[in-house]
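Some notes on the structure that comes next.
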Amino acid sequence: MIALYPGSFDPVTYGHLDIIESASRMFDRTIVSILKNPNKTPLFSLEQRQAQIRTATAHLPNIEVTTFWGLTVTHARQQNAQVLIRGLRAISDFEFELQMAHTNKTLEPDLDTIFLACSNQHSFLSSSVVKEIARYGGPIDHLVPPNVKQDLETAFAPLD
Ligand code: PNS
C-alpha cells in the first residue's frame with residue numbers, strides 16, 4: 001500500500017520524523033510531499049526542504065520525498081496513493097485535521113486519511129517553535145536532526 005504524507009515541513013522536525021518512521025513500518029511505500037503553498041512565505045525553499053527530508057530519512061529505503069502544487073487529493077491520485085497520513089500532536093490539532101480529512105473525503109471518496117501520533121516527547125513541537133528558538137540562538141539539538149540544525153544556523157547566522 002502506498003501512503004502520502006503531505007505538509008509544509010519548513011523545516012522537518014523530530015515530530016515529523018516520528019510520523020515518517022511509523023509510516024515506513026506500516027506501508028510498502030510512503031511519499032513525503034512538500035506543498036508549494038502560495039499562501040505561505042517559507043524560510044526554506046522547496047529544494048532545501050526536500051534535501052533536508054531526504055538526508056534525515058536516508059536510513060529508510062521505502063520513503064520518497066517529492067513536492068507538489070494544488071490539491072493534495074489530486075497529487076495523491078497521481079502518485080497512486082490509497083492513504084493520506086497526518087500527524088496529531090494534541091487534541092488541539094484534531095478539529096482542523098478532521099475537517100481537512102472530511103473535505104478530502106468529499107473530493108476523493110476512495111482516499112482515506114490515517115492519523116498517527118508523534119511520540120510524547122515531541123508533542124509540543126512545531127516547525128514554527130523550532131524557527132523561533134533558532135532565530136534567537138537557543139538549543140535545537142533535541143528538536144531537529146543535525147542537517148536541519150545546520151541549515152537553521154546558516155539561515156539565522158548574524159550578518160557581519
Ligand atoms: O504542514 P501543514 O502546513 O499543516 O500541511 C497542510 C497541508 C499541506 C496538508 C494542507 O494545507 C493541504 O493539503 N493543502 C493543499 C490544498 C488542499 O488540498 N486543500 C484541501 C484540503 S482542506
Side-chain angles (χ1 to χ4, degrees), residues 1-24 26-27 29-57 60 63-135 140 142-145 147-149 151-152 155:
M1 189 175 277
I2 303 174
L4 186 89
Y5 180 27
S8 303
F9 306 106
D10 185 42
V12 71
T13 69
Y14 278 139
H16 296 124
L17 290 167
D18 285 341
I19 305 295
I20 294 172
E21 298 253 357
S22 298
S24 138
M26 293 171 70
F27 301 102
R29 283 170 61 208
T30 298
I31 304 165
V32 182
S33 274
I34 310 161
L35 174 67
K36 186 180 166 109
N37 190 341
N39 301 322
K40 286 190 183 175
T41 308
L43 176 63
F44 295 112
S45 70
L46 277 180
E47 293 72 23
Q48 281 176 304
R49 283 177 276 164
Q50 193 165 11
Q52 287 165 349
I53 302 172
R54 284 212 172 117
T55 300
T57 60
L60 300 170
I63 298 295
E64 295 161 35
V65 190
T66 187
T67 63
F68 74 106
W69 182 92
L71 288 176
T72 292
V73 293
T74 307
H75 178 59
R77 198 184 317 121
Q78 286 162 352
Q79 297 290 328
N80 294 318
Q82 296 100 319
V83 165
L84 284 182
I85 293 172
R86 292 289 290 168
L88 288 180
R89 291 164 297 189
I91 199 75
S92 50
D93 284 336
F94 185 70
E95 200 169 338
F96 174 69
E97 292 297 334
L98 190 65
Q99 182 189 23
M100 199 154 64
H102 283 149
T103 306
N104 284 332
K105 193 83 180 161
T106 64
L107 297 172
E108 192 73 35
D110 291 340
L111 187 67
D112 292 304
T113 299
I114 290 185
F115 298 119
L116 294 176
C118 68
S119 71
N120 199 25
Q121 73 193 97
H122 298 136
S123 60
F124 66 96
L125 191 46
S126 70
S127 299
S128 307
V129 161
V130 169
K131 284 182 279 193
E132 179 86 356
I133 298 170
R135 184 186 307 275
I140 51 172
H142 57 308
L143 308 178
V144 292
N147 61 308
V148 173
K149 180 189 174 197
D151 287 352
L152 283 161

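Note that ligands are numbered from 1 as they come in the structure, with each ligand's atoms numbered from 1 the same way. When reading the values below, keep in mind they use all heavy atoms of this one structure, side chains included, and skip hydrogens, waters and symmetry mates.
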When you pair each N or O of ligand 1 with protein N or O atoms, which pairs come out under 3.5 Å?
residue: ligand 1; atom: 1 (O); partner: Ser8; partner atom: N; Å: 2.9
residue: ligand 1; atom: 3 (O); partner: Ser8; partner atom: OG; Å: 2.6
residue: ligand 1; atom: 3 (O); partner: Lys40; partner atom: NZ; Å: 3.0
residue: ligand 1; atom: 4 (O); partner: Arg86; partner atom: NH2; Å: 2.9
residue: ligand 1; atom: 5 (O); partner: Arg86; partner atom: NH1; Å: 3.3
residue: ligand 1; atom: 13 (O); partner: Thr72; partner atom: OG1; Å: 2.6
residue: ligand 1; atom: 18 (O); partner: Thr72; partner atom: N; Å: 2.9

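- Classification of the His16-Phe9 ring pair by plane angle, with boundaries at 30° and 60°, yields perpendicular.
- In this structure, the side chain to side chain contact (heavy atoms under 4.5 Å, CB included) partners of Asn104, at least two apart in sequence or on a different chain, are Val73, Leu84, Met100, Leu107.
- By the salt bridge (Lys or Arg N to Asp or Glu O under 4.0 Å) test, Arg54 pairs with no residue at all, sequence neighbours left out.
- Side-chain atoms of Asp151 and Gln48 form no donor-acceptor pair, as typed in the model, at a separation below 3.5 Å.
- Residues forming a salt bridge (Lys or Arg N to Asp or Glu O under 4.0 Å) with Lys36 (at least two apart in sequence, or on another chain): none.
- Ion pairing between Arg77 and Asp110 fails under the 4.0 Å rule for side-chain N and carboxylate O.
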